[in-house]
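Sequence lines set the chain letters: A, B, ... in the order given, protein chains first and strands last, and positions in each chain run from 1. Source: prediction; values computed, not measured.
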Amino acid sequence: MPELPEVETVVRGLRLVLPGRRIVRVRLGAKRDFIDDPPSIERELPGTRVKAVTRHGKFLLVDLDRDGSGKNGEKIALLMHLGMTGQITVVPAEAPVAPHTHVFLELDDGRELRYTDIRRFGQMRILADGQRESVLPPGIDPLQASEEEFKRAITSRRARIKALLMDQNVFRGMGNIYTDESLWRAKIHPKRLGANLSDGEVRRLHRAVRGILEEAIRLRGSSVSDYVDSDGERGEFQLRHRVYQREGAKCFRCGSVIRREIVAGRSTFFCPHCQAAPRVRRKKAIRTTKRARRRV
DNA sequence: CTTACGGCCTGGGTGC
DNA sequence: TGCACCCAGGCCGTAA
């Protein structure tokens with residue numbers, strides 16, 4: 001479920017309630033297979049105080065201070081990823097417990113942070129200070145990248161633009177929904193090679209990606225099925241989707257029928273008229289030419 | 001280097 | 001009503 005706008009919405013919600021709070025107790029459910037080293041969660045978190053909540057692509061980081069032991073400066077972070085169906089909510093401790101809730105962090109104000117995840121594709125682990133570089137994906141943030149950086153990322157590898165946008169080592173935070181929506185807005189076919197995009201197309205895509213992500217954040221993300229924010233509220237950007245899950249419906253721009261194909265291993269929605277397919281090159285002829293050149 | 005595919009899990013929708 | 005099958009906002013490992 002959660003891509004950059006959804007994670008950003010959760011982070012902003014947590015920022016209103018978590019900083020300054022102390023974690024007093026940790027309870028884990030029986031299904032803890034998705035947690036990396038569950039005992040470390042139970043051992044390290046109690047007694048820590050929340051300093052900040054940040055986002056890194058689709059990862060969410062809760063920065064923690066161990067200030068009880070007199071020695072300040074020992075910093076750890078709780079790293080979380082929502083996978084497909086993860087939810088993080090902060091509720092009064094006595095609130096009814098939703099099914100598939102696997103982690104409870106009791107806070108010093110009578111509330112608790114709960115992690116709920118039907119499919120358990122999410123992740124949770126303790127991050128020691130200095131581990132961030134090696135654990136977090138190195139892709140650039142699509143909201144902060146300049147047009148130059150954006151172009152460099154797109155031309156860095158020979159892959160389809162859809163695969164590039166979704167690769168967390170190239171761009172961090174984009175997923176299936178926002179990739180398709182951005183490509184539709186920029187009028188670029190998902191199978192185009194990133195390296196083949198013209199300067200104008202790169203510029204259009206850069207603007208489309210930022211525009212879509214910013215608008216989605218304003219509308220608090222897309223709630224297609226499971227996503228809710230830290231207050232348990234659904235987002236509204238699903239009402240603005242132009243192609244995602246609209247197979248067979250009419251393109252809002254030209255009226256053509258939206259198609260669905262598998263690209264980069266994922267369901268991909270696009271308008272076959274607005275988003276012109278890449279020209280198929282004749283590989284045989286090209287190879288022969290190269291071989292001939294090499295022989296010379 | 002790239003893509004395709006299966007697997008991880010659970011649940012919802014569809015068609016017979 | 002039951003059941004098989006396909007699908008799902010992510011990501012990893014393997015094979016080709």
Side-chain angles (χ1 to χ4, degrees), chain A residues 1-11 29-36 55-60 79-88 98-102 115-125 135-139 142 154-184 190-196 209 212-213 215-217 219-229 234-248 260-269 278 281 283:
Chain A
M1 92 133 102
E3 304 180 32
L4 188 154
E6 288 76 32
V7 180
E8 179 64 23
T9 303
V10 171
V11 163
K31 301 200 170 167
R32 49 183 70 184
D33 48 306
F34 68 95
I35 300 172
D36 180 78
R55 177 184 63 77
H56 189 279
K58 297 174 191 171
F59 285 94
L60 195 147
L79 176 68
M80 296 187 274
H81 193 292
L82 301 174
M84 293 274 261
T85 54
Q87 304 174 340
I88 296 171
H100 305 290
T101 301
H102 306 112
Y115 181 75
T116 306
D117 191 345
I118 295 174
R119 292 170 73 180
R120 305 201 299 283
F121 286 173
Q123 293 176 50
M124 192 171 296
R125 62 177 287 180
V135 172
L136 297 173
I154 278 179
T155 53
S156 66
R157 288 178 22 210
R158 196 157 181 81
R160 292 165 170 177
I161 186 62
K162 164 114 181 177
L164 286 169
L165 289 173
M166 296 223 306
D167 187 335
Q168 301 301 297
N169 295 313
V170 180
F171 294 101
R172 56 173 124 113
M174 301 281 291
N176 208 28
I177 292 180
Y178 297 104
T179 295
D180 282 6
E181 292 296 321
S182 299
L183 288 171
W184 179 82
K191 283 187 175 172
R192 292 278 302 280
L193 291 184
N196 286 354
V209 164
I212 293 276
L213 293 176
E215 194 180 334
I217 291 170
L219 292 181
R220 310 178 59 78
S222 301
S223 288
V224 173
S225 59
D226 304 286
Y227 167 72
V228 292
D229 66 17
R234 291 164 58 81
E236 288 184 340
F237 191 71
Q238 69 278 7
L239 303 173
R240 302 277 185 94
H241 290 176
R242 289 300 182 247
V243 280
Y244 183 73
Q245 287 199 342
R246 292 193 68 245
E247 181 184 20
R260 181 177 85 100
E261 269 180 43
I262 303 298
V263 181
R266 308 293 300 274
S267 252
T268 299
F269 301 87
R281 304 215 297 190
K283 291 180 183 169

### Query
Rounded to whole angstroms, how far apart are CG on A:Asp226 and C1' on B:dC9?
12 Å

### Task
Return the nucleotide paired to B:dG11: Watson-Crick means purine N1 to pyrimidine N3 with N6-O4 or O6-N4, wobble means G-U with N1-O2 and O6-N3, both under 3.5 Å.
C:dC7

## Note on the structure
Closest of B:dT3, C:dG10, B:dT10 to the A:Lys31 side chain is B:dT10

### Task
Using only side-chain N and O atoms of A:His81, determine if any of them is under 4.0 Å from OP1 or OP2 of C:dC11.
yes

### Query
Taking only N and O in the side chain of A:Thr85, is any of them less than 4.0 Å away from OP1 or OP2 of B:dC9?
no

### Query
Which nucleotide in the set B:dT10, C:dC11, C:dC7 lies at the smallest distance from any side-chain heavy atom of A:Ser267?
C:dC7

### Query
Which nucleotide sits closest to the side chain of A:Arg160: C:dG10, B:dT10, B:dT3?
B:dT3

### Message
Below the 4.0 Å mark, does B:dT3 have OP1 or OP2 next to a side-chain nitrogen or oxygen of A:Arg157?
### Response
no

### Query
In terms of side-chain heavy atoms of A:Arg120, which of C:dG10, B:dT2, B:dT10 is nearest?
B:dT10

### Task
Send over the distance from A:Asp117 CG to B:dT10 P, rounded to a whole Å.
11 Å

#### Entry: Presence of A:Arg266 side-chain N/O under 4.0 Å of C:dG10 phosphate oxygens OP1/OP2
yes

### Query
Heavy atoms under 4.0 Å, any strand shown: does A:Gln123 hit a base, just sugar-phosphate, or nothing?
nothing

### Message
Within the 4.0 Å heavy-atom criterion, would you say A:Phe34 contacts the bases, only the backbone, or no part of the nucleic acid?
### Response
nothing

### Task
Report the distance from atom CD of A:Glu261 to atom P of B:dT3, rounded to the nearest whole Å.
15 Å

### Query
Using the benzene-type ring in the case of Trp, are the ring centres of A:Phe34 and A:His102 under 6.0 Å apart?
yes

### Query
Given C:dC7, B:dG11, C:dG10, which nucleotide is nearest the side-chain atoms of A:Arg260?
C:dC7

### A:Asp180 and A:Lys162: CA distance, side-chain angles, deciding distance, salt bridge (charged side-chain N to carboxylate O under 4.0 Å, His left out) verdict
CA-CA 8 Å; A:Asp180 282 6; A:Lys162 164 114 181 177; 2.7 Å; yes

### Task
Could you walk me through whether A:Leu60 and A:Arg55 pass the side chain to side chain contact (heavy atoms under 4.5 Å, CB included) test, one step at a time?
CA-CA 5 Å; A:Leu60 195 147; A:Arg55 177 184 63 77; 6.0 Å; no

### Task
Tell me, with the steps shown, if A:Arg157 and A:Asp167 meet salt bridge (charged side-chain N to carboxylate O under 4.0 Å, His left out).
CA-CA 11 Å; A:Arg157 288 178 22 210; A:Asp167 187 335; 2.8 Å; yes

### Message
I need the CG-C1' distance between A:Leu82 and C:dG10, as an integer number of Å.
### Response
10 Å

### Task
Measure from the ring centre of A:Phe121 to the centre of the six-membered ring in the base of B:dC8, then say whether that distance is under 5.5 Å and the planes meet at under 30°.
yes

### Task
Can you tell me the distance, in whole Å, between the CD1 atom of A:Ile161 and the C1' atom of B:dT3?
16 Å

### Query
In whole angstrom, what separates A:Gln87's CD from B:dT10's P?
16 Å

#### Entry: Interatomic distance, A:Lys191 NZ vs B:dT3 P [rounded to whole Å]
12 Å

### Task
Establish, yes or no, whether a centroid distance under 6.0 Å links the rings of A:Tyr178 and A:Phe237.
yes

### Message
Starting the side chain at C-beta, find the nucleotide from C:dC11, C:dC7, B:dC9 nearest to A:Asp33.
### Response
B:dC9

### Query
When you measure from the side chain of A:Gln168 to the backbone N and O of A:Met166, does any donor-acceptor pair fall under 3.5 Å?
yes

### Message
Taking the P atom in each of C:dC6 and B:dC5, what is the distance between them to the nearest angstrom?
### Response
14 Å

### Query
If you check the A:Ile118 side chain, which of B:dC9, B:dT2, B:dG11 turns out closest?
B:dG11

### Query
On a whole-Å scale, what distance lies between the P atoms belonging to C:dG10 and B:dC1?
24 Å

### Query
OP1, OP2 of B:dC9 versus side-chain N and O of A:His100: anything below 4.0 Å?
no

### Query
Taking atom P of B:dC5 as reference, at what distance in whole Å does atom CD1 of A:Ile262 sit?
9 Å

